[in-house]
Structure formats: structure tokens, C-alpha cells
Amino acid sequence: MGDLTVTRFGYGAMQLAGPWAMGPPADRDGALAVLREAVALGITHIDTADAYGPELTNRLIRDALAPYPDALHIVTKVGANRDAQGGWPPAREPDQLREAVHANLRHLGLDVLDLVNLRLGDAEGPVPGSLARAFEALAELQQQGLIRHLGVSNATPEQVAEAQSIAPIVCVQNLYNLAHRHDDALIDTLAGQGIAYVPFFPLGGFSPLQSETLDAVAARLDATPKSVALAWLLQRSPNVLLIPGTSSVTHLRENVAGAGLALSAQDLGQLESIGR
Ligand SMILES: NC(=O)c1ccc[n+]([C@@H]2O[C@H](COP(=O)([O-])OP(=O)(O)OC[C@H]3O[C@@H](n4cnc5c(N)ncnc54)[C@H](OP(=O)(O)O)[C@@H]3O)[C@@H](O)[C@H]2O)c1
């Protein structure tokens, strides 16, 4: 991503907080262990946000991993807060974004953020509309040296193009998995531009992927459906980077091992039918 080299298998930290990414983890030591195991496994890309917890997840990352290894890149996002009901109200006014960047720096214990995604839309998905005011504010913070690289999240293809007209982006982080293929064309466009596509909810997120076809392919390969879903994403396009979430060291190890599964043309053909 830009001049950042990351492993294609990353780690998404949202599941470390309490239910629905609110409140402290049920098992704080277990959460710290997951983060340390991610780094021990060689993962160099952790995705987070101050909205997780809120703030608690970034503080956990700092407690578990600071001082950070040079190779590790922590990607955060701004543009949404949390309310008392666990909602994600937008916070995309320039002063809110400036405050959010400084808060992420404080909570993660960093002087510069490697990559900040502007999180757009709402919990239902992308919402069309100009991002110029918000993205220009982030580009200014980048020029001030507080951010190395920019990206967008939960964005329409038009918003991706609008962001690129303001400042270079190095990734797009949108909902995408075997069953949600709305971004197929966008992935291919970004691949042609050398820009990373980072699917969130790669395993279905709060609504785990369920498919008889997926189960059948997994059974034939003697693998888990989650391994197949992750391996499929890695084989979907070379610009896809994974950030599956888990609060379990066992699941993290299973996912890292499983994502390396090689899928044949027959497997891919069968899996293709899921998203249609
Ligand atoms: N930009 C955005 O708007 C946005 C939105 C959502 C998420 N994200 C990012 O994307 C990342 C990935 O999304 P996600 O974590 O919500 O969803 P996900 O990766 O699709 O799925 C995570 C869920 O799968 C379960 N899981 C993972 N591995 C498993 C295994 N081997 N066996 C059984 N269950 C397993 C986890 O439970 P366990 O904890 O029990 O393993 C967790 O409930 C997030 O962590 C976050 O960083 C970004």
C-alpha cells in the first residue's frame, strides 16, 4: 500500500472489544494474546479504529504491541463515532476528523499514522454524495505529516474516483466476500491502478457466511468453510488484502493456515455461483 509493504494476510481488530464492538473484551488477557500472536505469526497489517470499544481497541493494541516492530503497519479509520446505543453516527466535519486523527495518534501511541481510511456511508453500506470537504481535511493532515497514506472505506466507485481527484489513495476498504460481490468491477479497476482492495466482513462479519455450496467445497477439500472463503478472496485478485477478525488465538492460527489453501478451477467455478 503506497510505500508500505504488508503481508496479504492481515488482522482486523474490531472483534476484540465487547459485543458489537462496544465495551471491554470479556477476556482482556486473551485479547492481548491474539494481538501478540498475530505479530508472532508474521502478520504486518492490523486494521483498527477508535470507534471500536470505543477507544478501547486502540489502547489494547498499544498495550499489547508498543513499541511496535518496524515492519508492523497499523491502519485506522475515521469518520464515525459511537453513540450510547452502539450506533455509528457520522463524524466527518473537518474539525471532527482533525480531532479523530489526533485521538488515534494518542491512543495508539504513534507520532504518525501509516494509513487512515475515511469511513463513509452508514451501517447499511455506502451512501452516494461528495466526500470532498472531509477528504480535503484528511489530505491537509497528510500534508502536515500526521498521516502517511490515505484510503476510503464503505465508498461507492464514484467516491473512490472523487477521492483520487483530491489526493492519492492506496486502498479501498469495503464490504466484500463470497456472497457480496457488488464491488467486483471496482476490484478489477483498482488492481489495474495498483491500489489495494481490503474486504471487510470477509467471513460475513456479524452475519457469518452460510452456504451449502461453500460447505460442499470445504468438505471435498477436507478444509473448513472459513478457510475456503479466505483462500477464495486471496485468489480473487492480487490486490486483495485480508483483515479477518477474531477474538481467538485458535481461530487466528486456523485462518492463517487455511487461507493458503489452493483452490482448483473446479472449486472456483462452484464457489462463483454463491454470489450470483
Ligand atoms: N470499514 C468498515 O466500515 C468496517 C466494518 C466492519 C469491519 N471492518 C474491519 O474488518 C475486519 C473484519 O471484519 P469482522 O471482524 O467484523 O468480520 P469477519 O472477519 O468477517 O468475521 C469475524 C467473525 O468470524 C468469527 N471467526 C473468525 N475466524 C473463525 C474461525 N476460524 N472459526 C470460527 N469463527 C471464526 C469471529 O469469531 P471469533 O472471535 O469467535 O473467532 C468473528 O465473529 C474487522 O475486524 C474490522 O477491522 C471495517
Side-chain angles (χ1 to χ4, degrees), residues 9-22 25-27 30-31 33-35 37-38 41 43 45-54 57-58 60-61 73-82 86-92 104 115-127 151-156 159-160 171-180 183 196-210 214-215 218 223-233 240-259 261:
F9 195 103
Y11 171 68
M14 187 175 82
Q15 303 289 344
L16 283 184
W20 302 99
M22 281 294 277
D27 172 7
V34 170
L35 288 162
E37 181 66 10
L41 288 167
I43 289 172
H45 174 194
I46 293 181
D47 183 79
T48 186
D50 245 355
Y52 303 157
T57 300
N58 278 351
L60 272 178
I61 291 173
H73 298 296
I74 298 173
V75 176
T76 191
K77 60 192 85 68
V78 294
N81 284 334
R82 300 304 293 279
W88 307 75
R92 296 197 278 271
N104 273 278
L115 203 169
V116 175
N117 282 311
L118 174 63
R119 202 266 199 181
L120 298 156
D122 58 27
E124 307 304 314
V127 175
V152 290
S153 176
N154 211 21
T156 65
Q159 288 167 332
V160 171
C171 73
V172 173
Q173 185 180 124
N174 275 3
L175 194 166
Y176 184 82
N177 57 42
L178 261 173
H180 291 88
D183 272 354
Y197 183 88
V198 187
F200 74 74
F201 293 163
L203 299 171
F206 296 118
S207 316
L209 284 174
Q210 289 179 24
L214 175 59
D215 291 347
T224 66
K226 291 190 164 51
S227 299
V228 174
L230 294 175
W232 177 81
L233 282 170
V240 169
L241 302 179
L242 297 186
I243 51 161
T246 180
S247 54
S248 146
V249 167
T250 306
H251 289 171
L252 178 64
R253 288 184 189 141
E254 273 174 25
N255 294 347
V256 168
L261 193 69

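No hydrogens, no waters, no symmetry mates; every other heavy atom, side chains included, goes into these values. Order of listing sets the numbers, starting from 1, for every ligand and every atom in it.
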task: Considering only non-hydrogen protein atoms, determine which one is nearest to atom 31 (N) of ligand 1 and report residue, atom name and distance to 0.1 Å.
output: Asn255 OD1, 2.9 Å
Close approach, Gly204 and ligand 1, non-hydrogen under 4.0 angstrom: yes
task: Take Arg253 and Glu37 through the salt bridge (charged side-chain N to carboxylate O under 4.0 Å, His left out) test and state the conclusion after the steps.
output: CA-CA 8 Å; Arg253 288 184 189 141; Glu37 181 66 10; 2.9 Å; yes
task: Without swapping roles, check the side chain of Ser153 against the backbone of Gln173 for a donor-acceptor pair under 3.5 Å.
output: yes
statement: If you compare Val34, Asn174, Asp47 by their heavy atoms, the one closest to atom 47 (O) of ligand 1 turns out to be Asp47
- prompt: Heavy-atom contacts under 4.0 Å between Ala13 and ligand 1: side chain, backbone, both, or neither?
  reply: backbone
- prompt: Counting from 1, what ligand 1 atoms have a heavy atom of Glu254 closer than 4.0 Å?
  reply: 31 (N)
Nearest neighbour in protein (non-hydrogen) for atom 44 (C) of ligand 1: Met14 CB, 3.6 Å
query: Using 4.0 Å as the upper bound for N to carboxylate O, is an ion pair formed by Lys77 and Asp50?
result: no
- prompt: Considering only the protein, which heavy-atom contact is closest to atom 36 (C) of ligand 1, and what is its distance?
  reply: Gly245 O, 3.7 Å
field: Side-chain donor or acceptor of Arg92 paired with backbone N/O of Arg119 under 3.5 Å
entry: yes
task: Measure the distances from the heavy atoms of Phe206 to every atom of ligand 1 and state whether one is below 4.0 angstrom.
output: no
query: Between Asn174 and Tyr197, is a side chain to side chain donor-acceptor pair (under 3.5 Å) present by the stated rule, with each step listed?
result: CA-CA 8 Å; Asn174 275 3; Tyr197 183 88; 4.5 Å; no
- prompt: Is the closest heavy atom of Asn154 to ligand 1 under 4.0 Å?
  reply: no
task: Name all residues meeting the side chain to side chain donor-acceptor pair (under 3.5 Å) criterion together with His251; count only those two or more places apart in sequence or in a different chain, and write none if there are none.
output: none
query: Tell me, which protein residue and heavy-atom name are nearest atom 5 (C) of ligand 1, and how many Å apart are they?
result: Phe200 CD1, 3.3 Å
- request: To the nearest 0.5 angstrom, please state how far the CE atom of Met14 sits from the OG atom of Ser247.
  value: 11.0 Å
- prompt: If you measure from atom 3 (O) of ligand 1 to every heavy atom of Lys226, Gln173, Arg119, which option wins on shortest distance?
  reply: Arg119
message: Taking side chain to side chain donor-acceptor pair (under 3.5 Å) as the definition, give me every residue that meets it alongside Ser227, ordered by chain and number, with sequence neighbours left out.
response: Thr224
- prompt: Quick one: nearest non-hydrogen protein atom to atom 13 (O) of ligand 1, plus distance?
  reply: Phe201 N, 3.4 Å
field: Residue portion contacting ligand 1 (non-hydrogen atoms closer than 4.0 Å) for Ser153
entry: side chain
field: Which of the ligand 1 atoms, numbered from 1, are nearer than 4.0 Å to a heavy atom of Leu203
entry: 18 (P), 20 (O), 21 (O), 27 (C), 28 (N)
message: Please verify the inter-ring angle class for Trp232 with Tyr176; under 30° counts as parallel, over 60° as perpendicular, anything in between as tilted.
response: parallel
- request: Just need the protein heavy atom nearest to atom 12 (C) of ligand 1, so name the residue and atom and give the distance.
  value: Ile243 O, 3.1 Å
task: Taking only heavy atoms of His251 into account, list the atoms of ligand 1 that are under 4.0 Å away from them.
output: 28 (N), 29 (C), 30 (C), 31 (N), 32 (N), 33 (C), 34 (N), 35 (C), 38 (P), 40 (O), 41 (O)
